[in-house]
Amino acid sequence: QAGIVDKRPRKHVGRSVFTDQVHVARLLWKNPQEARKVYWAFWRRRHYKDAEARSFWAKYFPVSSYAYFEERAHIIAIRATEHMMALRKQEMNDSTVLVVNNDIYDLVVQHLNDFLGKDAPENLNSQEFARKLRDTAEELCQDIIDLTPLLVFVYVILPLLIFQFFFNAGQYYLKQSGVLEQLMMGESSRRL
């Protein structure tokens with residue numbers, strides 16, 4: 001908030017929400033046992049916040065939660081490190097503030113410690129380290145096919161269509177057999 005008031009430049013270092021969604025959808029498609037759990041987890045999602053939310057999703061969705069939490073933290077740590085490297089090359093002594101959501105804060109700190117650790121001065125000046133960061137960031141942000149519509153069709157629309165088919169078939173056969181009319185007649189005679 002102070003940066004907004006002071007009109008300081010801000011830079012988004014995470015990947016887009018759409019890219020997060022696409023990566024999670026791909027992992028849900030590869031792991032149908034997790035995709036089936038989304039039904040009940042959807043209603044519980046608001047009960048957990050921050051680190052509790054990450055542990056909840058990691059417990060019930062260990063594969064797909066990796067793309068949402070771990071990959072996001074990794075890309076934020078990479079971009080923050082690249083930003084520090086760029087400032088160091090320009091010999092700027094400005095301060096940088098990294099603002100991170102509480103749900104991935106611990107993961108970002110862990111990745112930053114892995115990147116910078118005790119070899120920070122050497123790594124920040126290394127072209128090999130910069131290339132490795134860039135390659136990893138490209139891999140984490142690569143565009144892949146969005147499987148979200150397919151997931152919605154297979155796990156929401158298709159079950160509804162199957163339910164509707166069996167409901168209509170049962171209704172048709174009850175009507176054809178006359179059982180429905182006998183039940184209606186029996187109820188109407190009881191009322192009289």
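All of these numbers come straight from a predicted model, not from anything done at the bench.
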Problem set entry | Carboxylate-amine/guanidinium proximity below 4.0 Å for Glu128 and Arg131 | yes

For this session: Indicate the atoms forming the closest heavy-atom contact of Leu151 with Leu28, along with that distance.
Result: CD1-CB, 4.0 Å

For this session: Answer yes or no: is there a side-chain heavy-atom contact under 4.5 Å between Asp106 and Gln110?
Result: no

Exercise. At their closest point, which heavy atom of Ala58 faces which heavy atom of Ser65, and how far apart are they?
Worked result: CA-OG, 3.4 Å

Exercise. Under a 4.5 Å side-chain heavy-atom rule over Ile, Leu, Val, Met, Phe, Trp and Tyr, are Leu158 and Phe165 clustered together?
Worked result: yes

Exercise. So, does Gln21 use its side chain to make a donor-acceptor pair with the main chain of Thr148 at under 3.5 Å?
Worked result: no

Problem set entry | Sub-4.5 Å side-chain heavy-atom contact between Cys141 and Arg79 | yes

Exercise. Where the side chain of His23 meets the backbone of Tyr66, is there a donor-acceptor pair that is under 3.5 Å apart?
Worked result: no

Exercise. Does a side chain donor of either His111 or Glu70 reach within less than 3.5 Å of an acceptor in the other side chain?
Worked result: yes

Problem set entry | Arg15 to Leu140 - nearest heavy-atom pair and separation | NH1-O, 2.6 Å

Exercise. Between Ala67 and Glu71, what is the shortest heavy-atom contact and its length?
Worked result: O-CB, 3.4 Å

Exercise. Which class fits the ring pair Phe167 and Phe163: parallel under 30°, tilted 30 to 60°, perpendicular over 60°?
Worked result: parallel

For this session: Report the C-alpha separation of Phe115 and Ile78 in whole Å, then their side-chain angles, then the decisive distance to 0.1 Å, and conclude whether the side chain to side chain contact (heavy atoms under 4.5 Å, CB included) test is met.
Result: CA-CA 8 Å; Phe115 292 148; Ile78 288 171; 3.6 Å; yes

Exercise. Between Leu112 and Ala80, which heavy-atom pair has the shortest distance, and what is it?
Worked result: CD2-CB, 4.4 Å

Problem set entry | side chain to side chain donor-acceptor pair (under 3.5 Å) partners for Thr81, two or more places apart | none

